[in-house]
Amino acid sequence: MSFSLGLTGSIGMGKSTTAQMFVDEGCALWDADAAVHRLYAKAGAAVEPMRNAFPTAIVEFSVSREALKQIIANDPGALKTIENIVHPLVAMDRAAFQDSSSADILVFDIPLLFETGGDAAMDAVACVSIPSDEQKRRVMARGTMSETQFEQIRAKQMPNNEKCMRSDFVIVTDTLDHARAQVQDIVRQIRAGMADA
Ligand SMILES: CC(C)(COP(=O)(O)OP(=O)(O)OC[C@H]1O[C@@H](n2cnc3c(N)ncnc32)[C@H](O)[C@@H]1O)[C@@H](O)C(=O)NCCC(=O)NCCS
Ligand SMILES: Nc1ncnc2c1ncn2[C@@H]1O[C@H](COP(=O)(O)OP(=O)(O)OP(=O)(O)O)[C@@H](O)[C@H]1O
């Protein structure tokens, strides 16, 4: 039996970077954002349902994120429709990974873990955390979102302190070395618990 660890945190707080540190420790990784990329790609399972809901979102046989962002900017309610299409498909992709992976620890990088109730399927949850001003600085430095887009996404997410309170582990992502040390400690604790079980 493998151990399922949910890895969550608000936009730009360091989930993807921290997830790779779990991979370095021998954990298998499933990434919800990467699953969405597969679903949006040519022949991906979200393309046809999305075409039905938002014909202008399809560019060259795939779902265009730029077009989606435009659609959401004009109609913030569109995000709910998008989620209703995407989230069940994401859940199927996750279940297939869970069934097929043989690593001792499976890490699920899921931005909306608590918001979608996905935490119920996890043995434990780790949340990445940094102060909100640093979060904004890091997202703006990526240069992929306007401040309005960032604030829209952030407003939809559960507040960071609530996520941290509901998690079994909090990983402070202030420096790479500090984050790695915390990841190694969590992996050690989980493996020790598995050995005791
Ligand atoms: C809004 C979209 C077009 C923005 O695309 P873009 O490439 O600019 O950003 P990206 O996908 O990398 O998302 C950046 C971060 O925003 C956050 N985020 C994305 N979608 C949502 C959402 N529906 N609610 C809250 N936060 C979200 C996540 O923390 C994510 O890591 C895209 O995120 C999307 O299609 N979202 C709907 C699907 C979804 O809910 N994905 C979340 C993971 S299942
Ligand atoms: N421990 C850390 N120390 C210093 N910088 C970090 C650390 N972790 C992440 N970062 C930086 O913060 C930024 C955001 O990190 P990352 O892309 O991992 O976040 P994310 O939570 O996956 O983002 P999103 O929610 O948008 O997908 C990146 O520029 C990354 O280099």
Side-chain angles (χ1 to χ4, degrees), residues 6-24 29-41 44-47 49-50 53-54 56-59 62-94 107-118 126-160 163 170-184:
L7 177 64
T8 195
S10 299
I11 175 169
M13 289 228 178
K15 287 175 301 296
S16 311
T17 307
T18 308
Q20 286 309 319
M21 295 177 181
F22 279 101
V23 172
D24 294 342
L29 173 66
W30 181 84
D31 176 335
D33 285 336
V36 175
H37 276 269
R38 287 193 294 276
L39 293 167
Y40 284 1
V47 176
M50 207 71 98
F54 305 104
T56 58
I58 310 302
V59 178
S62 57
V63 178
S64 158
R65 286 164 177 265
E66 289 315 310
L68 277 189
K69 282 191 270 195
Q70 203 53 54
I71 290 166
I72 296 165
N74 293 333
D75 169 17
L79 186 54
K80 190 77 226 151
T81 310
I82 296 167
E83 289 178 348
N84 288 341
I85 294 170
V86 174
H87 290 179
L89 297 170
V90 169
M92 281 166 63
D93 193 279
R94 186 179 84 195
V107 174
F108 294 86
D109 175 350
I110 307 183
L112 305 178
L113 182 70
F114 288 121
E115 289 87 339
T116 57
C127 183
V128 291
S129 181
I130 41 165
S132 61
D133 54 343
E134 175 64 7
Q135 171 195 27
K136 185 168 182 174
R137 198 190 62 71
R138 289 183 184 180
V139 173
M140 289 299 106
R142 286 201 296 229
T144 58
M145 278 190 184
S146 69
E147 200 166 331
T148 312
Q149 285 166 342
F150 165 68
E151 294 298 353
Q152 255 180 11
I153 292 278
R154 181 156 74 174
K156 281 215 66 237
Q157 298 188 341
M158 182 184 285
N160 177 49
K163 279 183 187 141
V170 174
I171 302 171
V172 179
T173 57
D174 49 356
T175 68
L176 295 172
D177 285 348
H178 186 207
R180 189 175 295 280
Q182 294 165 87
V183 166
Q184 288 170 340

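Because the structure is predicted, anything quoted here is derived from the model rather than measured. Just so you know, ligand 1 is whichever comes first in the structure, and atom 1 is the first atom listed for that ligand.
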Are side-chain heavy atoms of [X] and [Y] found at a separation under 4.5 Å?
X	Y	result
T18	V183	yes
H87	L112	yes
I110	L7	no
I82	L68	yes

For ligand 1, which atoms have a heavy atom of [X] less than 4.0 angstrom away?
X	value
D33	30 (C), 31 (O), 43 (C)
I153	16 (O), 17 (C), 18 (N), 26 (N), 27 (C)
Y40	34 (C), 35 (O), 37 (C), 38 (C)
I82	37 (C)

Inset, instruction - Nearest heavy atom to atom 26 (N) of ligand 1 wins, so pick from Q157, Q152, K156. - result: Q157
Inset, instruction - Out of S64, P111, S10, indicate the one that has the non-hydrogen atom closest to atom 28 (C) of ligand 1. - result: P111
Would you say the side-chain atoms of [X] pair up with the backbone N or O of [Y], donor to acceptor, closer than 3.5 Å?
X	Y	answer
Q149	S146	yes
Q182	V172	yes
K69	S64	no
K15	G9	yes

Legend entry - Salt bridge present between K163 and E115 (N-O < 4.0 angstrom): yes
What part of [X], side chain, backbone, both or neither, has a heavy atom within less than 4.0 angstrom of ligand 1?
X	result
H87	side chain
I72	side chain
L79	side chain
T116	neither

Inset, instruction - Can you sort out the partners of T173 under side-chain hydrogen bond (donor to acceptor under 3.5 Å, both in side chains), two or more places apart, ordered by chain and number? - result: none
Inset, instruction - Could you tell me which residues satisfy side-chain hydrogen bond (donor to acceptor under 3.5 Å, both in side chains) with Q157, sequence neighbours excluded, listed by chain and number? - result: none
Inset, instruction - Return yes when Q149 approaches ligand 1 closer than 4.0 angstrom through a heavy atom, no otherwise. - result: no
Among protein heavy atoms, which sits nearest to [atom], and what does the distance come to when rounded to 0.1 Å?
atom	result
atom 41 (N) of ligand 1	V36 CG2, 4.1 Å
atom 32 (C) of ligand 1	R65 NH1, 3.9 Å
atom 15 (C) of ligand 1	I11 CD1, 3.8 Å
atom 3 (C) of ligand 1	L68 CB, 3.8 Å
atom 22 (C) of ligand 1	E83 OE2, 3.4 Å
atom 25 (C) of ligand 1	L112 CD2, 3.4 Å
atom 13 (O) of ligand 1	M145 CE, 4.4 Å

Inset, instruction - Check each protein residue for a heavy atom under 4.0 Å from ligand 2 and list those that pass, ordered by chain and number. - result: S10, I11, G12, M13, G14, K15, S16, T17, D33, R138, R142, T173, D174, T175, L176, A179
Inset, instruction - Would you kindly say whether N160 and S129 are connected by a side-chain donor-acceptor distance under 3.5 Å? - result: yes
Legend entry - Heavy-atom pair of closest approach, residues V86 and M50: CG2-CE, 3.9 Å
Legend entry - Smallest separation among heavy atoms of A57 and I71, with atom names: CB-CD1, 3.9 Å
Inset, instruction - Sequence neighbours left out, what passes salt bridge (charged side-chain N to carboxylate O under 4.0 Å, His left out) with R180? Give chain and number order. - result: D24
Inset, instruction - Return a yes/no value for K69: is any of its N or O atoms, backbone included, closer than 3.5 angstrom to an N or O of ligand 1? - result: yes
